[in-house]
There are 2 protein chains.
Amino acid sequence: MVEIKKKFKAHGVTPSIQRMLIYQYIEKERNHPSVDMIYSALKSKAATLSRTTVYNNVSLFVEKGLLIPLLTKEAETRYDLAEPAHSHFVCLKCGQIYDIPSMRCQSGCVPDGFRVQNTQVYLQGLCSRCRNNE
Amino acid sequence: MVEIKKKFKAHGVTPSIQRMLIYQYIEKERNHPSVDMIYSALKSKAATLSRTTVYNNVSLFVEKGLLIPLLTKEAETRYDLAEPAHSHFVCLKCGQIYDIPSMRCQSGCVPDGFRVQNTQVYLQGLCSRCRNNE
DNA sequence: GTCCTTGCAAAGCGTTTGCACAGAA
DNA sequence: TTCTGTGCAAACGCTTTGCAAGGAC
């Protein structure tokens, strides 16, 4: 918890009980959760927690650079720690999202005058579990 | 139109007037359109066209491998030609999506037993127009 | 006739917004 | 008090679904 407060301070986020719980959940579970996954997991610990608060705070975390929203085709947006940078493998069968080492791509692909700020790489295919169950 | 019919046949899509118009629009405009962009552009040419038909057919095109849905954080899903494979640059300021050459990433990043079927790379930053207007 | 396609209308669902209350400084 | 954070309820908007009518074969 002390670590989380430090991280909040470094990113200009004032702590609250709800914020701590939400961030702690994401950092601990590493399951690329949706708002509803966070809400469902935490409402037993914080009975009055509302979905709105989860929405408010994951948006704040994204704005402050603590989280990134993952680009998926699912209806629900899923979130992940912004640091350290890494790429993702999405299983087309079970939908599981796996963290993989950050992939670097060669430069020179962008037209003159464009400035790249960040890169998101999504590998799509079958994970080993789903291949074994085929 | 004859070309489109050939392409449809090669992908197992039976032609209809609506399907031809929709695919022709995407192929010609190259603007990574949303369903609504397609619908708005075509309803003058086909007065009875419905949004449902556009939804039905872009989904069919995706299923048959003619289109891919782009991974974006916008509310509306946007679509692009599946072939030839290429990557995308998304301007964080104006939202414009640019096609860029397909970026290849080095192998060995995926755990054993995983099979990669395709890769989607999104570069995010500022396009030259937005940089000049800063 | 059968089967596929179209398209209107309504429902579904994740997300956002309005607003009032609570809590900290 | 003043400002920030919380959370209920309602609204919003993209998408999906139900279903009936039209068209091809």
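Reckoned from all heavy atoms, side chains included, excluding hydrogens, waters and symmetry mates. Order of the sequence lines sets the chain letters (A, B, ...), proteins ahead of strands, with each chain counted from 1.
Taking atom CD of residue Glu74(B) and atom P of nucleotide dG13(D), one finds them 16 Å apart after rounding to whole Å. Regarding Asn56(B), its CG atom lies at a distance of 18 Å from the P atom of dA21(D), rounded to whole Å. The NZ-C1' distance, from Lys73(B) to dC14(D), rounds to 14 Å in whole Å. Arg78(B) has its CZ atom 13 Å from the P atom of dC14(D), to the nearest Å. In this structure, Glu76(B) atom CD and dT16(D) atom C1' are separated by 16 Å, rounded to whole Å. Summarising the geometry, the separation between CG on Asn57(B) and P on dT15(D) is reported as 15 Å, rounded to the nearest angstrom.
For His11(A) (side chain) and Lys9(A) (main-chain N/O), no donor-acceptor pair under 3.5 Å exists by modelled atom type. Side chain of Ser59(B) to backbone of Tyr55(B): a donor-acceptor contact under 3.5 angstrom is found.
Taken together through direct or relayed side-chain contacts under 4.5 Å among Ile, Leu, Val, Met, Phe, Trp and Tyr, Leu21(B) and Val35(B) form part of one hydrophobic cluster.
The minimum heavy-atom distance between Pro69(A) and Lys73(B), with the atom names listed, is CB-CD, 3.7 Å. Nearest heavy atom pair, residue Gly95(B) against residue Glu74(B), reads O-OE2, 4.2 Å. Shortest non-hydrogen contact noted between Asn31(A) and Arg78(A) is O-NH2, 3.0 Å.
Between Phe61(A) and Phe8(A), the gap from one ring centroid to the other is short of 6.0 Å. You'll find the ring centres of Phe89(B) and Tyr122(B) outside the 6.0 Å limit.
Among the atoms of the strands shown, none is found under 4.0 Å from any heavy atom of Ser34(B).
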Start with the C-alpha gap between Leu42(A) and Ile38(A), add the side-chain angles, then the distance that decides, and say whether side chain to side chain contact (heavy atoms under 4.5 Å, CB included) holds. CA-CA 6 Å; Leu42(A) 295 183; Ile38(A) 299 169; 3.8 Å; yes
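Here dT15(D) is the nucleotide among dA9(D), dG18(D), dT15(D) with the atom lying nearest to any side-chain atom of Tyr55(B).
Taking only distance into account, the side chain of Ser50(A) never meets the base of dC8(D) through a donor-acceptor pair shorter than 3.5 Å.
For DNA chain C, the contact window with chain A, defined by any atom under 4.0 Å from a protein heavy atom, covers dG14(C) to dT17(C) in 5' to 3' order.
Listed in residue order, the members of residues 9-20 of chain B having a heavy atom less than 4.0 Å from DNA chain D come to none.
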